[in-house]
Amino acid sequence: MTVNTIDAQMSRKRALIIVGVILILLVCAFTVAPKDGGGITGLSAEDDTYYNVAKDGTFSIDYVSDYKLVGDEIQLIGYGEILDTFPIIDNKVTIDRVYDQFTLSVNYELTKDDKGDLVLRDLSEEEDDIYVGGGAFSITDTFDFSIDGQKGVTATIKDMEAYYPLVDGEIEIEGTVYSADVNRFFATFWALVPPVVAIVLALITKEVFSSLFVGILMGAILSADFDLLGTISLVVNDGFVGSIADMWDAGILVFLVVLGVIGVLVLKSGGTKAYGEWALKHIKSRRSAQLSTFFLGVLIFVDDYFNCLTVGSIMRPLTDKFKISRAKLAYLIDSTAAPICIIAPVSSWAAAVSSNLGDSVMGHNTMSVFIECIPFNFYALLTIAMVIAICWFEFDFGPMKKHEMNAVENGDLFSTTDRPYENVVEEKINENGHILDLVIPIFVFLIPLCIFFLVYSGGILDGADFVTAFADADAATGLAMGSVVALLITIIYLVLRKASNFHDLMDSLPKGFRNMVPAILILIFAWTLSTMTGSLGSSAFVGGLLDNAGALANFLPAILMLVACFIAFSTGTSWGTMAILLPIVSSVFTTDYQLLIVGISACMAGAVFGDHCSPISDTTIMSSAGAQCSHVVHVSTQAPYALLVAGVSFVFFLIAGFWQSYILTAIGIVTMFVVIYVMKRVLDNGGYKPAEPAA
């Protein structure tokens, strides 16, 4: 039996597995899911007003009241008539906004602002100043709604609640009757089934694209409740087209393409080769090569996307020289991406956490809260400790050890038939390149410009301080702008340096794009799957699970870590996981600030775990691309390492629920080193001999 015949049979088996899984799950969903389960997904009124329920099961409605200042009273105006009057006494007035189920009574002072304009100032300081102007003004009350399955919705405003039931498919809210769109799978465990199926299939079949598409298709079918045209619309319009059209996603794609182009430019200029030759003179062992990869990853802390592709393009020639497998390189890259960024106050991750926590937490600035969380982010810190220990002790285990032994003994850096980057055509390299042709484009142009445009997007030129600007930064916009400008300057620099002619430089544009195609495709598929998961109300489902967790306060950090691990691993989005859980954590821990810090840290730790090892995570995908390693190989070899760190972190989060001390962090780091040392003594029966640099 030939190899091709065996491959054909394996392909048929994988196809049968995929088809069988789809049919079984869809039959179960169609027959088992209760008709009255799920939840409300949207409300529509007769005047075509439509409110879409977000993936966390919430939506908002603004109610505007019109008023007029006349003499010493304020009049409520409606339908051209005076509905009520509120007297002004000593420049103070109480305005009652009456709704069906409650009344808002707010005390105001009639005064002037810094510009001399007449305003109403809320004496409780809960509202912004209301500009009165010529006498006519409006007051807006925003009702925040959350769904209660298919039973109704709960409105919340100023710590007051009102319930509006669903009756015969309709809900009456403040005199307006809305028709409710319902989905029996929304905000149920079915919301997490599509990503779980995609992950399991990817690990079983070794086919990433088909597995992701199965998850996308299943999510769309459930979200459309088996409607054919609705399913197609969700997959194409809301999914693939929506992901590409989204400004954030488009910015990341631009950044990826530009980074790929810069990588080719640096390679053609001879800068990468020159750095490799310089490194070989100073780096004499596999240990040093791995540790230098780690420290370079630590140095590029500003953003995980930037980290993955930059470290990979710079260090790949060096690690190849020392016969370090591509799987190991991908692990080193991935372990210095999200785990480093999540503990760096000046990073896109710090900005994401701050934005999810709001303006303040229990009276503390969110950036200071982030900094206080760093010592308790056990997963990130212990991952860093494990990388250092693994490199220093020259110890590997699980599938990674097979790849490393094959690389050292046979010179095979891939150890698999799946080599998506092996056929990448080597570029013609300038033999007279200089190490500055690498250092200047990356460390003088790219990194500083990306940092500048990150804080620029956060308003630093509008008067914001550096920390505030970074907290408000738009990572996708900043990285895209910074990388594009860096590319233009790099081209000018290389032309002036005569490192390459202009024709070859322009030829690098499509080649750099082609190098990024595998990562771009997987990213688009992963984003689309995340959209399908969100349309099924995954956030609302998880939030409901944690609503009554206050009684387990001391155990909650460990529980939150597990929940965050599962969500991030299933959905592939660490930022989405934090967006789901951080507001919930803030509402659960309302009295114990130190326990709140540990709880937030646990959410971030679990989110990083998912980002670190989920096969549909952005950074996992880009780590594979940066190392030019098979994506499935990277996931399978990294999983045992990530799970080991996650297990140790879980134990320390259990302890931290009762003892919040920096001493615990030090003990955790020491414990990680001890665990690796003991594993080496017990499991390593000779291992592999250090390799000499390849010729």
Side-chain angles (χ1 to χ4, degrees), residues 256 259-280 282-283 285-300 304-337 387 391 400 403-404 406-408 411-416 418-429 433 435 437-439 441-443 446 508 511-512 514-519 619-631 633-634 637-638 691 693-695:
L256 285 179
L259 209 54
V261 173
I262 291 177
V264 174
L265 290 176
V266 170
L267 180 64
K268 276 192 171 186
S269 70
T272 303
K273 181 180 180 181
Y275 173 78
E277 294 172 349
W278 174 87
L280 282 176
H282 298 83
I283 298 175
S285 66
R286 296 181 87 249
R287 174 189 292 168
S288 299
Q290 293 179 74
L291 287 174
S292 63
T293 303
F294 164 76
F295 286 118
L296 180 61
V298 172
L299 182 63
I300 306 176
D304 53 335
Y305 294 164
F306 182 36
N307 181 301
C308 290
L309 298 178
T310 304
V311 174
S313 61
I314 292 175
M315 298 305 297
R316 193 166 55 245
L318 178 64
T319 56
D320 286 354
K321 291 279 187 181
F322 281 97
K323 299 180 181 180
I324 296 170
S325 68
R326 292 294 177 84
K328 186 63 171 293
L329 175 59
Y331 168 70
L332 294 174
I333 294 172
D334 214 348
S335 297
T336 55
V387 171
C391 295
M400 184 73 78
H403 282 260
E404 282 291 86
N406 194 35
V408 171
D412 184 359
L413 303 178
F414 297 91
S415 300
T416 175
D418 182 18
R419 306 180 183 209
Y421 298 93
E422 190 180 36
N423 295 324
V424 174
V425 178
E426 292 293 333
E427 303 295 336
K428 182 180 179 181
I429 298 175
I435 191 173
D437 296 332
L438 168 69
V439 173
I442 299 296
F443 295 101
L446 188 59
S508 299
K511 290 179 179 178
R514 285 198 296 270
N515 288 348
M516 289 294 105
V517 166
T619 37
T620 306
I621 294 166
M622 284 189 284
S623 296
S624 302
Q628 292 193 354
C629 168
S630 165
H631 183 56
V633 167
H634 171 44
T637 53
Q638 179 170 255

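Remark: Gln628 CD to Phe414 CZ distance equals 7.0 Å, nearest 0.5 Å. For the atom pair SG (Cys629) and CG (Leu413), the distance works out to 10.5 Å, reported to the nearest 0.5 Å. Put simply, CD1 on Ile333 and OG on Ser623 are 6.0 Å apart, with the number rounded to the nearest 0.5 Å. Distance check: Leu265 CG to Lys511 NZ gives 11.0 Å after rounding to the nearest 0.5 Å. Of the inter-residue distances, the one linking Lys323 atom NZ with Glu404 atom CD reads 12.5 Å to the nearest 0.5 angstrom. To the nearest 0.5 angstrom, Asp334 atom CG is 4.5 Å from Thr620 atom OG1.
With sequence neighbours excluded, no residue forms a side-chain hydrogen bond (donor to acceptor under 3.5 Å, both in side chains) with Thr637. With sequence neighbours left out, Thr319 forms a side-chain contact (heavy atoms from CB on, under 4.5 Å) with Thr293, Ile324, Leu329. Residues passing the side-chain contact (heavy atoms from CB on, under 4.5 Å) test with Thr336, sequence neighbours excluded: Phe294, Asn307, Ile340.
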Margin query: Walk me through whether Ile442 and Ile262 qualify under side-chain contact (heavy atoms from CB on, under 4.5 Å).
Written below: CA-CA 9 Å; Ile442 299 296; Ile262 291 177; 4.2 Å; yes
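Scanning both residues, Arg287 and Cys391, for their nearest heavy atoms gives CG-O, 3.5 Å. The two residues Val311 and Gly297 come nearest to each other via the heavy atoms CG2-CA, 3.8 Å. In plain terms, the two heavy atoms of Ser325 and His403 that are nearest each other are CB-O, 3.7 Å. Across every non-hydrogen atom of Leu296 and Phe443, the tightest pair is CD1-CZ, 3.6 Å. Nearest heavy-atom pair, Tyr331 versus Met400, reported as atom, atom and distance to 0.1 Å: CB-CE, 3.7 Å.
Panel note: side chain Arg326, backbone Ser630; no donor-acceptor pair is recorded below 3.5 Å. With Ser292 contributing its side chain and Ala289 its backbone, the two residues share a donor-acceptor pair below 3.5 Å.
In this structure, the side chains of Arg286 and Val408 come closer than 4.5 Å at one or more pairs of heavy atoms.
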